[in-house]
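These notes are about the structure you will find just below.
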Amino acid sequence: MLLGGNKTTRKIDNFAINNLKIPSIVLMENAAISFVKHIDENEDNFLIICGKGNNGGDGYAIARQLFSKGKNVKIFCISNENMSNDCMINYEICKNMGIEIFYKIEELDKLFFECNVVIEGIFGTGLNSEIKGIYQEIIQKINTASNNKKVYSIDIPSGINGDTGEIMGISVKADITISFVTYKKGFLNSKIKDFLGKIIIENIGLNETSINHLLKEYYLTPDMIKSFRIKRNEDSHKGDFGKVLIFAGSSGFYGAGNIVAKSCVRTGAGLTTVITDKNNFSLNVFVPEAMSFPINFDNINENLEKLENEILNSDVIAIGPGIGKSEQAFLIFEKLISIKKNNKGNTIKLILDADALNLLSENRKLFEKIRNRSILTPHLVEFSRLTGFSTDEINKNRFEITKNFAKKYEIILLLKGKNTIITNGEELFANSTGNSHMANGGMGDCLTGIICSLVGQKYDLMKSAGIGAYLHGKIADELVKKQYIVNASHIIENISECILNIFQN
Ligand SMILES: NC(=O)C1=CN([C@@H]2O[C@H](COP(=O)(O)OP(=O)(O)OC[C@H]3O[C@@H](n4cnc5c(N)ncnc54)[C@H](O)[C@@H]3O)[C@@H](O)[C@H]2O)[C@H](O)CC1
Ligand SMILES: [K+]
(Lines give C-alpha, C1' and ligand atoms only; values in the text may rest on other atoms or scores of the structure.)
(Ligands and ions follow the chains in the order given, each with its own letter.)
Protein backbone atom coordinates (compact mmCIF):
# COMPACT_ATOMS: atom_id res chain seq x y z
CA MET A 1 0.00 0.00 0.00
CA LEU A 2 1.36 3.40 -0.91
CA LEU A 3 2.46 5.61 1.96
CA GLY A 4 1.88 9.30 1.44
CA GLY A 5 1.17 12.66 2.93
CA ASN A 6 0.07 16.16 2.05
CA LYS A 7 2.57 16.79 -0.70
CA THR A 8 2.17 13.37 -2.28
CA THR A 9 -1.63 13.80 -2.38
CA ARG A 10 -1.14 16.94 -4.46
CA LYS A 11 1.40 15.14 -6.65
CA ILE A 12 -1.02 12.25 -7.29
CA ASP A 13 -3.87 14.68 -7.92
CA ASN A 14 -1.81 16.64 -10.44
CA PHE A 15 -0.71 13.50 -12.23
CA ALA A 16 -4.24 12.10 -12.39
CA ILE A 17 -5.63 15.38 -13.70
CA ASN A 18 -2.82 16.45 -16.06
CA ASN A 19 -1.44 13.13 -17.31
CA LEU A 20 -4.24 10.64 -16.93
CA LYS A 21 -6.73 13.38 -17.87
CA ILE A 22 -9.20 12.43 -15.16
CA PRO A 23 -11.16 15.57 -14.28
CA SER A 24 -10.74 16.48 -10.61
CA ILE A 25 -14.49 16.39 -10.07
CA VAL A 26 -14.45 12.72 -11.16
CA LEU A 27 -11.77 11.97 -8.56
CA MET A 28 -13.95 13.64 -5.94
CA GLU A 29 -16.99 11.65 -7.05
CA ASN A 30 -15.00 8.41 -6.90
CA ALA A 31 -13.79 9.33 -3.42
CA ALA A 32 -17.39 9.93 -2.31
CA ILE A 33 -18.65 6.65 -3.79
CA SER A 34 -15.80 4.70 -2.14
CA PHE A 35 -16.50 6.41 1.16
CA VAL A 36 -20.21 5.66 1.20
CA LYS A 37 -19.54 1.94 0.67
CA HIS A 38 -18.30 1.77 4.25
CA ILE A 39 -21.40 3.23 5.82
CA ASP A 40 -23.73 0.69 7.35
CA GLU A 41 -26.93 0.39 5.27
CA ASN A 42 -28.97 0.60 8.48
CA GLU A 43 -27.60 3.99 9.49
CA ASP A 44 -29.77 7.03 8.96
CA ASN A 45 -29.84 10.70 10.00
CA PHE A 46 -26.51 12.05 8.89
CA LEU A 47 -24.97 15.39 9.74
CA ILE A 48 -22.21 16.27 7.32
CA ILE A 49 -19.90 19.12 8.29
CA CYS A 50 -18.08 20.72 5.38
CA GLY A 51 -15.16 23.10 5.10
CA LYS A 52 -14.39 25.10 1.99
CA GLY A 53 -11.56 23.07 0.43
CA ASN A 54 -11.73 19.77 -1.42
CA ASN A 55 -12.14 17.90 1.86
CA GLY A 56 -15.38 19.83 2.24
CA GLY A 57 -16.09 19.10 -1.44
CA ASP A 58 -15.85 15.39 -0.64
CA GLY A 59 -18.32 16.04 2.19
CA TYR A 60 -20.89 17.64 -0.16
CA ALA A 61 -20.45 14.80 -2.67
CA ILE A 62 -20.94 12.21 0.11
CA ALA A 63 -24.04 14.10 1.26
CA ARG A 64 -25.47 13.84 -2.29
CA GLN A 65 -24.68 10.15 -2.49
CA LEU A 66 -26.40 9.41 0.80
CA PHE A 67 -29.33 11.67 -0.03
CA SER A 68 -29.86 9.90 -3.34
CA LYS A 69 -30.05 6.60 -1.44
CA GLY A 70 -33.01 8.06 0.44
CA LYS A 71 -31.17 8.83 3.68
CA ASN A 72 -31.93 11.80 5.92
CA VAL A 73 -29.03 14.16 5.39
CA LYS A 74 -28.31 17.59 6.80
CA ILE A 75 -25.27 19.65 5.98
CA PHE A 76 -23.47 22.20 8.11
CA CYS A 77 -21.59 24.59 5.83
CA ILE A 78 -18.75 26.32 7.68
CA SER A 79 -18.22 28.86 4.93
CA ASN A 80 -19.42 29.30 1.38
CA GLU A 81 -16.86 31.97 0.60
CA ASN A 82 -13.60 31.18 -1.24
CA MET A 83 -14.62 27.58 -1.78
CA SER A 84 -12.41 25.45 -4.03
CA ASN A 85 -13.98 24.90 -7.49
CA ASP A 86 -15.01 21.31 -6.91
CA CYS A 87 -16.30 22.13 -3.46
CA MET A 88 -18.44 24.89 -4.95
CA ILE A 89 -19.81 22.57 -7.65
CA ASN A 90 -20.91 19.95 -5.13
CA TYR A 91 -22.26 22.60 -2.74
CA GLU A 92 -24.41 24.03 -5.55
CA ILE A 93 -25.70 20.55 -6.49
CA CYS A 94 -26.61 19.87 -2.85
CA LYS A 95 -28.55 23.17 -2.75
CA ASN A 96 -30.28 22.37 -6.05
CA MET A 97 -31.23 18.91 -4.84
CA GLY A 98 -32.89 20.44 -1.80
CA ILE A 99 -30.60 18.98 0.86
CA GLU A 100 -31.00 21.09 4.01
CA ILE A 101 -27.91 23.22 4.60
CA PHE A 102 -27.26 25.10 7.85
CA TYR A 103 -24.81 27.94 8.36
CA LYS A 104 -25.14 29.29 11.91
CA ILE A 105 -22.99 27.84 14.66
CA GLU A 106 -25.87 28.37 17.12
CA GLU A 107 -27.77 25.68 15.21
CA LEU A 108 -25.05 23.06 15.61
CA ASP A 109 -26.03 21.70 19.04
CA LYS A 110 -29.54 20.93 17.80
CA LEU A 111 -28.16 19.36 14.62
CA PHE A 112 -25.90 17.10 16.66
CA PHE A 113 -28.81 16.15 18.88
CA GLU A 114 -30.96 15.15 15.90
CA CYS A 115 -28.41 13.10 13.97
CA ASN A 116 -27.07 9.59 14.50
CA VAL A 117 -23.92 9.83 12.43
CA VAL A 118 -21.49 12.73 11.94
CA ILE A 119 -19.29 12.87 8.84
CA GLU A 120 -16.68 15.58 8.92
CA GLY A 121 -14.89 17.08 5.93
CA ILE A 122 -13.38 20.19 7.47
CA PHE A 123 -9.67 19.76 6.69
CA GLY A 124 -7.74 17.01 4.95
CA THR A 125 -4.34 17.23 3.34
CA GLY A 126 -4.68 21.00 2.94
CA LEU A 127 -4.48 21.87 6.66
CA ASN A 128 -1.60 24.28 6.90
CA SER A 129 -1.68 26.05 10.27
CA GLU A 130 -2.96 25.95 13.85
CA ILE A 131 -6.73 25.68 14.11
CA LYS A 132 -8.39 28.64 15.78
CA GLY A 133 -11.69 30.50 16.10
CA ILE A 134 -14.84 29.01 14.67
CA TYR A 135 -13.04 25.90 13.37
CA GLN A 136 -11.77 25.18 16.86
CA GLU A 137 -15.24 25.66 18.30
CA ILE A 138 -16.82 23.29 15.75
CA ILE A 139 -14.23 20.57 16.33
CA GLN A 140 -14.79 20.87 20.08
CA LYS A 141 -18.52 20.37 19.51
CA ILE A 142 -17.92 17.32 17.28
CA ASN A 143 -15.77 15.75 20.00
CA THR A 144 -18.42 16.40 22.64
CA ALA A 145 -21.08 14.87 20.39
CA SER A 146 -18.84 11.90 19.63
CA ASN A 147 -19.61 10.40 23.04
CA ASN A 148 -22.85 9.04 21.68
CA LYS A 149 -22.60 9.47 17.88
CA LYS A 150 -20.50 7.67 15.35
CA VAL A 151 -17.97 10.08 13.83
CA TYR A 152 -16.51 9.44 10.37
CA SER A 153 -13.58 11.56 9.17
CA ILE A 154 -13.01 12.13 5.49
CA ASP A 155 -9.38 11.42 4.53
CA ILE A 156 -7.82 12.63 7.81
CA PRO A 157 -9.42 13.59 11.14
CA SER A 158 -9.55 17.38 10.85
CA GLY A 159 -6.71 18.78 12.91
CA ILE A 160 -4.15 16.04 12.27
CA ASN A 161 -1.20 16.92 10.08
CA GLY A 162 -1.13 14.25 7.35
CA ASP A 163 2.66 14.27 7.15
CA THR A 164 3.66 14.22 10.80
CA GLY A 165 0.57 13.23 12.76
CA GLU A 166 0.98 16.38 14.83
CA ILE A 167 -2.24 17.81 16.26
CA MET A 168 -2.56 21.34 14.91
CA GLY A 169 -4.11 22.84 18.03
CA ILE A 170 -7.15 20.58 18.19
CA SER A 171 -8.37 17.55 16.26
CA VAL A 172 -11.54 15.61 15.61
CA LYS A 173 -11.58 12.24 17.37
CA ALA A 174 -12.91 9.88 14.71
CA ASP A 175 -14.40 6.44 15.15
CA ILE A 176 -13.61 5.65 11.52
CA THR A 177 -11.19 7.42 9.20
CA ILE A 178 -11.63 6.70 5.52
CA SER A 179 -8.57 7.96 3.72
CA PHE A 180 -7.90 8.09 0.00
CA VAL A 181 -5.18 6.44 -2.11
CA THR A 182 -2.34 6.48 0.42
CA TYR A 183 -1.89 5.46 4.03
CA LYS A 184 -0.91 8.81 5.52
CA LYS A 185 2.50 8.99 7.16
CA GLY A 186 0.95 11.00 9.96
CA PHE A 187 -1.12 7.94 10.94
CA LEU A 188 2.11 6.25 12.04
CA ASN A 189 2.46 8.73 14.93
CA SER A 190 1.58 6.62 17.97
CA LYS A 191 0.42 9.68 19.93
CA ILE A 192 -2.70 10.09 17.79
CA LYS A 193 -3.91 6.49 17.76
CA ASP A 194 -7.09 7.47 19.66
CA PHE A 195 -7.96 10.19 17.14
CA LEU A 196 -7.90 7.94 14.09
CA GLY A 197 -10.26 5.15 15.09
CA LYS A 198 -10.45 2.39 12.51
CA ILE A 199 -8.46 3.31 9.39
CA ILE A 200 -9.67 2.32 5.93
CA ILE A 201 -7.77 3.23 2.77
CA GLU A 202 -9.94 3.66 -0.29
CA ASN A 203 -9.48 3.97 -3.99
CA ILE A 204 -10.49 6.99 -6.08
CA GLY A 205 -10.33 5.18 -9.42
CA LEU A 206 -6.56 5.14 -9.79
CA ASN A 207 -4.83 1.83 -10.30
CA GLU A 208 -1.77 1.64 -8.02
CA THR A 209 0.47 0.59 -10.90
CA SER A 210 -0.37 3.75 -12.84
CA ILE A 211 0.82 6.00 -10.02
CA ASN A 212 3.46 4.05 -8.12
CA HIS A 213 6.28 5.63 -10.10
CA LEU A 214 5.38 8.87 -8.29
CA LEU A 215 6.29 7.57 -4.87
CA LYS A 216 8.46 4.81 -3.55
CA GLU A 217 7.23 4.56 -0.01
CA TYR A 218 4.97 1.75 1.16
CA TYR A 219 3.04 0.65 4.20
CA LEU A 220 3.60 -3.12 4.34
CA THR A 221 0.39 -5.08 3.87
CA PRO A 222 -0.15 -8.87 3.79
CA ASP A 223 -0.66 -8.67 0.02
CA MET A 224 2.67 -6.96 -0.50
CA ILE A 225 4.49 -9.52 1.62
CA LYS A 226 2.80 -12.31 -0.27
CA SER A 227 3.85 -10.77 -3.58
CA PHE A 228 7.51 -10.95 -2.43
CA ARG A 229 7.38 -14.74 -2.17
CA ILE A 230 9.91 -16.78 -4.14
CA LYS A 231 8.44 -20.17 -5.01
CA ARG A 232 10.48 -23.18 -3.93
CA ASN A 233 11.58 -25.52 -6.71
CA GLU A 234 10.48 -29.11 -6.21
CA ASP A 235 13.96 -30.42 -7.02
CA SER A 236 15.86 -27.97 -4.83
CA HIS A 237 18.33 -29.03 -2.13
CA LYS A 238 19.68 -27.43 1.02
CA GLY A 239 22.44 -25.63 -0.85
CA ASP A 240 19.76 -23.62 -2.65
CA PHE A 241 18.52 -22.09 0.59
CA GLY A 242 21.72 -20.53 1.71
CA LYS A 243 24.77 -21.14 3.82
CA VAL A 244 24.40 -18.77 6.71
CA LEU A 245 27.27 -17.96 9.04
CA ILE A 246 26.39 -16.34 12.34
CA PHE A 247 28.70 -14.57 14.75
CA ALA A 248 26.60 -13.98 17.84
CA GLY A 249 26.85 -14.70 21.56
CA SER A 250 29.88 -14.75 23.84
CA SER A 251 30.52 -15.83 27.39
CA GLY A 252 27.48 -14.73 29.40
CA PHE A 253 25.48 -14.12 26.21
CA TYR A 254 25.30 -17.56 24.63
CA GLY A 255 21.53 -17.20 24.53
CA ALA A 256 21.80 -14.42 21.94
CA GLY A 257 23.68 -16.67 19.52
CA ASN A 258 21.29 -19.52 20.16
CA ILE A 259 18.25 -17.35 19.43
CA VAL A 260 19.72 -16.00 16.19
CA ALA A 261 20.60 -19.54 15.09
CA LYS A 262 17.25 -21.05 15.99
CA SER A 263 15.30 -18.26 14.25
CA CYS A 264 17.48 -18.69 11.20
CA VAL A 265 16.96 -22.46 11.10
CA ARG A 266 13.20 -22.17 11.70
CA THR A 267 12.86 -19.61 8.89
CA GLY A 268 14.30 -22.16 6.50
CA ALA A 269 17.97 -21.45 5.80
CA GLY A 270 19.71 -24.39 4.11
CA LEU A 271 22.72 -24.63 6.43
CA THR A 272 23.41 -22.59 9.54
CA THR A 273 26.80 -22.34 11.24
CA VAL A 274 27.45 -20.38 14.42
CA ILE A 275 30.86 -19.00 15.33
CA THR A 276 30.92 -19.39 19.08
CA ASP A 277 33.12 -19.82 22.12
CA LYS A 278 34.62 -23.30 22.18
CA ASN A 279 33.12 -23.70 25.66
CA ASN A 280 29.58 -23.09 24.49
CA PHE A 281 27.92 -26.48 24.42
CA SER A 282 24.42 -25.11 24.69
CA LEU A 283 24.09 -24.46 20.95
CA ASN A 284 23.87 -28.14 20.02
CA VAL A 285 21.19 -28.68 22.61
CA PHE A 286 19.13 -25.58 21.79
CA VAL A 287 19.50 -25.81 17.99
CA PRO A 288 20.61 -29.30 16.98
CA GLU A 289 20.18 -28.42 13.30
CA ALA A 290 22.91 -25.76 13.49
CA MET A 291 26.64 -26.40 13.26
CA SER A 292 29.21 -24.64 15.37
CA PHE A 293 32.55 -23.11 14.50
CA PRO A 294 34.37 -23.04 17.84
CA ILE A 295 36.63 -20.12 18.67
CA ASN A 296 39.24 -20.04 21.39
CA PHE A 297 38.75 -16.51 22.66
CA ASP A 298 42.07 -16.68 24.57
CA ASN A 299 43.93 -17.10 21.31
CA ILE A 300 41.79 -16.20 18.34
CA ASN A 301 44.70 -16.27 15.88
CA GLU A 302 44.47 -20.05 16.17
CA ASN A 303 41.19 -19.89 14.29
CA LEU A 304 41.37 -16.91 11.96
CA GLU A 305 42.79 -18.87 9.04
CA LYS A 306 40.20 -21.62 9.30
CA LEU A 307 37.58 -18.93 9.61
CA GLU A 308 38.59 -17.63 6.19
CA ASN A 309 37.45 -20.92 4.62
CA GLU A 310 34.18 -20.71 6.48
CA ILE A 311 33.61 -17.17 5.15
CA LEU A 312 34.42 -18.23 1.60
CA ASN A 313 31.83 -20.97 1.93
CA SER A 314 29.01 -18.73 3.08
CA ASP A 315 26.30 -16.76 1.28
CA VAL A 316 25.36 -14.51 4.14
CA ILE A 317 26.89 -13.57 7.48
CA ALA A 318 24.96 -12.21 10.45
CA ILE A 319 27.06 -10.45 13.05
CA GLY A 320 26.38 -8.78 16.33
CA PRO A 321 23.98 -10.01 19.01
CA GLY A 322 25.84 -10.64 22.26
CA ILE A 323 29.38 -10.46 20.82
CA GLY A 324 30.45 -7.60 23.08
CA LYS A 325 33.01 -4.98 22.14
CA SER A 326 36.20 -6.78 23.13
CA GLU A 327 39.39 -6.68 21.05
CA GLN A 328 38.73 -10.30 20.02
CA ALA A 329 35.17 -9.55 18.94
CA PHE A 330 36.44 -6.65 16.89
CA LEU A 331 39.09 -8.77 15.14
CA ILE A 332 36.59 -11.45 14.21
CA PHE A 333 34.09 -8.83 13.03
CA GLU A 334 36.76 -7.17 10.89
CA LYS A 335 37.77 -10.53 9.43
CA LEU A 336 34.17 -11.45 8.62
CA ILE A 337 33.56 -8.28 6.64
CA SER A 338 36.94 -8.26 4.90
CA ILE A 339 36.06 -10.82 2.20
CA LYS A 340 33.51 -9.60 -0.33
CA LYS A 341 33.00 -12.63 -2.57
CA ASN A 342 32.54 -16.28 -1.72
CA ASN A 343 33.93 -19.38 -3.50
CA LYS A 344 31.07 -19.25 -5.99
CA GLY A 345 32.02 -15.69 -6.90
CA ASN A 346 28.87 -14.26 -5.32
CA THR A 347 28.81 -11.25 -3.04
CA ILE A 348 28.57 -12.28 0.60
CA LYS A 349 25.66 -10.43 2.19
CA LEU A 350 25.91 -9.04 5.70
CA ILE A 351 23.35 -8.49 8.46
CA LEU A 352 24.77 -6.25 11.16
CA ASP A 353 23.05 -5.86 14.50
CA ALA A 354 23.69 -4.89 18.12
CA ASP A 355 27.42 -4.87 19.03
CA ALA A 356 28.43 -5.05 15.37
CA LEU A 357 26.72 -1.66 15.00
CA ASN A 358 28.46 -0.31 18.09
CA LEU A 359 31.82 -1.48 16.74
CA LEU A 360 30.98 0.15 13.43
CA SER A 361 30.09 3.44 15.14
CA GLU A 362 33.53 3.46 16.76
CA ASN A 363 35.43 2.39 13.61
CA ARG A 364 33.78 4.32 10.82
CA LYS A 365 36.34 3.43 8.18
CA LEU A 366 34.80 -0.07 8.20
CA PHE A 367 31.74 1.34 6.42
CA GLU A 368 33.77 1.10 3.25
CA LYS A 369 33.79 -2.71 3.54
CA ILE A 370 30.06 -3.16 3.90
CA ARG A 371 28.71 -1.02 1.06
CA ASN A 372 26.16 -2.47 -1.36
CA ARG A 373 25.72 -5.75 0.48
CA SER A 374 24.46 -5.08 3.99
CA ILE A 375 21.41 -4.69 6.16
CA LEU A 376 21.94 -2.75 9.38
CA THR A 377 19.27 -3.29 12.03
CA PRO A 378 19.71 -0.68 14.78
CA HIS A 379 17.22 0.31 17.45
CA LEU A 380 16.84 3.99 18.16
CA VAL A 381 19.82 4.35 20.51
CA GLU A 382 22.14 2.37 18.23
CA PHE A 383 20.99 4.50 15.29
CA SER A 384 21.64 7.64 17.31
CA ARG A 385 25.23 6.41 17.88
CA LEU A 386 25.63 5.66 14.17
CA THR A 387 24.31 9.02 12.97
CA GLY A 388 25.18 11.45 15.75
CA PHE A 389 21.55 12.64 15.80
CA SER A 390 19.75 12.66 19.14
CA THR A 391 16.90 10.19 19.60
CA ASP A 392 14.46 13.14 19.63
CA GLU A 393 15.79 14.43 16.32
CA ILE A 394 15.46 10.97 14.79
CA ASN A 395 11.92 10.53 16.10
CA LYS A 396 10.84 13.86 14.60
CA ASN A 397 12.37 13.13 11.24
CA ARG A 398 12.58 9.36 10.87
CA PHE A 399 11.91 9.17 7.15
CA GLU A 400 14.46 11.72 6.06
CA ILE A 401 17.24 10.69 8.45
CA THR A 402 16.95 6.96 7.68
CA LYS A 403 16.83 7.57 3.93
CA ASN A 404 19.82 9.91 3.96
CA PHE A 405 21.85 7.47 6.04
CA ALA A 406 21.04 4.50 3.81
CA LYS A 407 21.89 6.51 0.71
CA LYS A 408 25.16 7.87 2.10
CA TYR A 409 26.54 4.47 3.13
CA GLU A 410 24.81 2.45 0.39
CA ILE A 411 23.28 0.02 2.84
CA ILE A 412 19.78 -1.12 3.74
CA LEU A 413 18.74 0.39 7.02
CA LEU A 414 16.12 -1.21 9.23
CA LEU A 415 15.28 1.10 12.12
CA LYS A 416 13.51 -0.95 14.79
CA GLY A 417 10.59 0.48 16.73
CA LYS A 418 6.90 1.08 16.32
CA ASN A 419 6.32 0.83 12.57
CA THR A 420 9.88 -0.28 11.88
CA ILE A 421 11.30 1.53 8.87
CA ILE A 422 13.27 -0.17 6.14
CA THR A 423 14.96 1.83 3.42
CA ASN A 424 17.69 1.71 0.82
CA GLY A 425 17.70 5.48 0.50
CA GLU A 426 15.16 5.52 -2.35
CA GLU A 427 12.49 3.00 -1.54
CA LEU A 428 11.00 2.84 1.96
CA PHE A 429 8.78 0.36 3.80
CA ALA A 430 6.99 1.15 7.05
CA ASN A 431 5.99 -1.99 8.90
CA SER A 432 2.38 -2.46 9.93
CA THR A 433 2.81 -5.23 12.52
CA GLY A 434 4.17 -5.55 16.05
CA ASN A 435 3.12 -4.45 19.53
CA SER A 436 4.45 -3.38 22.91
CA HIS A 437 4.03 -6.87 24.41
CA MET A 438 7.06 -8.03 22.43
CA ALA A 439 9.41 -5.42 23.89
CA ASN A 440 11.79 -7.73 25.77
CA GLY A 441 15.30 -9.16 25.50
CA GLY A 442 16.09 -11.48 22.61
CA MET A 443 13.53 -10.05 20.18
CA GLY A 444 16.13 -8.24 18.10
CA ASP A 445 18.28 -11.39 17.96
CA CYS A 446 15.28 -13.30 16.68
CA LEU A 447 14.67 -10.69 13.95
CA THR A 448 18.31 -10.90 12.87
CA GLY A 449 17.99 -14.69 12.57
CA ILE A 450 14.85 -14.44 10.47
CA ILE A 451 16.34 -11.84 8.14
CA CYS A 452 19.66 -13.60 7.54
CA SER A 453 17.74 -16.77 6.80
CA LEU A 454 15.63 -15.01 4.14
CA VAL A 455 18.73 -13.47 2.58
CA GLY A 456 20.21 -16.98 2.43
CA GLN A 457 17.09 -18.09 0.59
CA LYS A 458 17.86 -15.49 -2.11
CA TYR A 459 15.36 -12.82 -1.17
CA ASP A 460 16.86 -9.44 -1.99
CA LEU A 461 17.99 -7.34 0.93
CA MET A 462 15.02 -4.92 1.00
CA LYS A 463 12.50 -7.73 0.74
CA SER A 464 14.28 -9.87 3.34
CA ALA A 465 14.18 -6.98 5.80
CA GLY A 466 10.54 -6.23 4.90
CA ILE A 467 9.30 -9.81 5.18
CA GLY A 468 11.36 -10.32 8.33
CA ALA A 469 9.99 -7.28 10.15
CA TYR A 470 6.43 -8.00 9.04
CA LEU A 471 6.57 -11.68 10.00
CA HIS A 472 8.22 -11.01 13.38
CA GLY A 473 5.51 -8.47 14.30
CA LYS A 474 2.67 -10.46 12.81
CA ILE A 475 3.49 -13.52 14.95
CA ALA A 476 3.46 -11.32 18.05
CA ASP A 477 0.16 -9.70 17.01
CA GLU A 478 -1.44 -13.13 16.70
CA LEU A 479 0.03 -14.33 20.01
CA VAL A 480 -1.18 -11.34 22.06
CA LYS A 481 -4.71 -12.41 21.28
CA LYS A 482 -4.13 -15.32 23.66
CA GLN A 483 -1.21 -14.33 25.92
CA TYR A 484 0.03 -11.13 27.56
CA ILE A 485 3.77 -11.30 26.92
CA VAL A 486 5.53 -12.52 23.82
CA ASN A 487 9.16 -13.66 24.07
CA ALA A 488 11.61 -14.56 21.31
CA SER A 489 11.06 -18.27 22.01
CA HIS A 490 7.33 -17.85 21.34
CA ILE A 491 8.10 -16.12 18.05
CA ILE A 492 10.52 -18.87 17.02
CA GLU A 493 7.97 -21.61 17.60
CA ASN A 494 5.46 -19.87 15.34
CA ILE A 495 7.66 -18.74 12.44
CA SER A 496 6.93 -21.60 10.10
CA GLU A 497 3.16 -21.57 10.56
CA CYS A 498 3.02 -17.81 10.10
CA ILE A 499 5.08 -17.91 6.89
CA LEU A 500 2.64 -20.47 5.55
CA ASN A 501 -0.34 -18.27 6.44
CA ILE A 502 1.17 -15.17 4.87
CA PHE A 503 2.39 -16.82 1.68
CA GLN A 504 -0.63 -19.03 1.05
CA ASN A 505 -3.62 -17.00 2.20
N1 LIG B 1 -5.86 12.46 -4.46
C2 LIG B 1 -6.68 12.52 -3.46
O3 LIG B 1 -6.44 11.87 -2.46
C4 LIG B 1 -7.86 13.40 -3.52
C5 LIG B 1 -8.29 14.04 -2.37
N6 LIG B 1 -9.36 14.85 -2.30
C7 LIG B 1 -9.70 15.53 -1.08
O8 LIG B 1 -9.09 16.79 -1.09
C9 LIG B 1 -8.54 17.07 0.18
C10 LIG B 1 -7.52 18.13 0.09
O11 LIG B 1 -8.16 19.29 -0.37
P12 LIG B 1 -7.52 20.75 -0.30
O13 LIG B 1 -8.48 21.65 -0.95
O14 LIG B 1 -6.16 20.70 -0.82
O15 LIG B 1 -7.39 21.02 1.24
P16 LIG B 1 -8.43 20.93 2.47
O17 LIG B 1 -9.81 20.71 2.03
O18 LIG B 1 -7.84 19.95 3.43
O19 LIG B 1 -8.35 22.35 3.20
C20 LIG B 1 -7.99 23.45 2.52
C21 LIG B 1 -8.76 24.72 2.97
O22 LIG B 1 -8.63 24.97 4.33
C23 LIG B 1 -7.88 26.20 4.53
N24 LIG B 1 -7.06 26.00 5.76
C25 LIG B 1 -5.98 25.25 5.89
N26 LIG B 1 -5.57 25.26 7.18
C27 LIG B 1 -6.43 26.07 7.86
C28 LIG B 1 -6.56 26.47 9.22
N29 LIG B 1 -5.70 26.07 10.15
N30 LIG B 1 -7.57 27.29 9.56
C31 LIG B 1 -8.46 27.71 8.64
N32 LIG B 1 -8.41 27.37 7.32
C33 LIG B 1 -7.40 26.55 6.95
C34 LIG B 1 -7.12 26.41 3.27
O35 LIG B 1 -6.77 27.72 3.08
C36 LIG B 1 -8.13 25.88 2.25
O37 LIG B 1 -9.12 26.83 1.99
C38 LIG B 1 -8.08 15.73 0.63
O39 LIG B 1 -7.84 15.67 2.02
C40 LIG B 1 -9.23 14.85 0.19
O41 LIG B 1 -10.26 14.88 1.15
C42 LIG B 1 -10.16 15.06 -3.53
O43 LIG B 1 -11.48 15.12 -3.29
C44 LIG B 1 -9.99 13.92 -4.54
C45 LIG B 1 -8.58 13.60 -4.80
K1 LIG C 1 -11.37 15.58 7.53
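Both ligands and their constituent atoms are indexed starting at 1 by order of listing. Just the heavy atoms: all of them, side chains too, but no hydrogens, waters or symmetry mates, feed the values below.
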| Test item: side-chain donor near acceptor, S84 and N54, under 3.5 Å | yes
| Any chance the side chains of D44 and N116 put a donor and an acceptor closer than 3.5 Å? | no
Using a 4.0 Å cut-off to any heavy atom of [X], which atoms of ligand 1 qualify?
X	result
D155	38 (C), 39 (O), 40 (C), 41 (O)
F180	3 (O)
E130	29 (N)
M28	43 (O)
G124	16 (P), 18 (O), 39 (O)

When you measure from the K ion (ligand 2) to the N, O or S atoms of [X], does any of those distances fall below 3.4 Å?
X	value
S153	no
I154	yes
E120	yes
I122	no
I156	yes

| request: Please report the C-alpha distance between K184 and T182 in whole Å, then the side-chain angles of each, then the deciding distance to 0.1 Å, and finally whether the side chain to side chain donor-acceptor pair (under 3.5 Å) criterion is met. | output: CA-CA 6 Å; K184 305 296 177 285; T182 57; 3.1 Å; yes
| task | Looking only at protein heavy atoms, identify the closest one to atom 36 (C) of ligand 1 and say how far it is in Å. | result | G53 CA, 4.8 Å
| task | Just need the protein heavy atom nearest to atom 10 (C) of ligand 1, so name the residue and atom and give the distance. | result | T125 OG1, 3.2 Å
Short N or O distance, [X] and ligand 1, threshold 3.5 Å exclusive:
X	answer
G126	yes
D13	yes
Y135	no
S84	no
F123	no

| said: Against E217, only a single residue in K11, K185, R398, K7 fulfils salt bridge (charged side-chain N to carboxylate O under 4.0 Å, His left out); can you say which? | reply: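 Result: among K11, K185, R398, K7, K185 is the only option passing the salt bridge (charged side-chain N to carboxylate O under 4.0 Å, His left out) with E217.
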| request: Show the numbers, then the answer: is there a side-chain contact (heavy atoms from CB on, under 4.5 Å) between I421 and N419? | output: CA-CA 6 Å; I421 284 183; N419 300 116; 5.8 Å; no
| said: I need the contact type for M168 against ligand 1. Using non-hydrogen atoms and a strict under-4.0 Å cut-off, is it side chain, backbone, both or neither? | reply: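 For M168, no heavy atom sits under 4.0 Å from ligand 1.
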| Backbone, side chain, both or neither: what part of I204 comes under 4.0 angstrom of ligand 1, heavy atoms only? |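 Only the side chain of I204 comes within reach of ligand 1.
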What do you reckon, is [atom1] of [X] surrounded by more than 12 foreign heavy atoms closer than 6.0 Å?
X	atom1	result
F15	CZ	yes
E497	CD	no
N85	CG	no
F113	CZ	no

| request: Taking the six-membered ring of F112 (Phe, Tyr or Trp), confirm whether the NZ or CZ of K141 is under 6.0 Å from its centre and within 45° of its axis. | output: no
Please check if the distance between the ring centroids of [X] and [Y] is under 6.0 Å.
X	Y	value
F123	Y135	yes
F405	F383	yes
F228	Y470	no

| message | My understanding is that we take every heavy atom of each candidate and find the minimum distance to atom 40 (C) of ligand 1. Doing that for T9, D86, V181, D58, which one comes out nearest? | response |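 It is D58 that holds the nearest heavy atom.
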| For atom 26 (N) of ligand 1, which candidate among I17, N128, N82 holds the nearest heavy atom? | N128
| message | Just to check, does S129 reach to within less than 4.0 Å of ligand 1 when the distance is taken from its heavy atoms? | response | yes
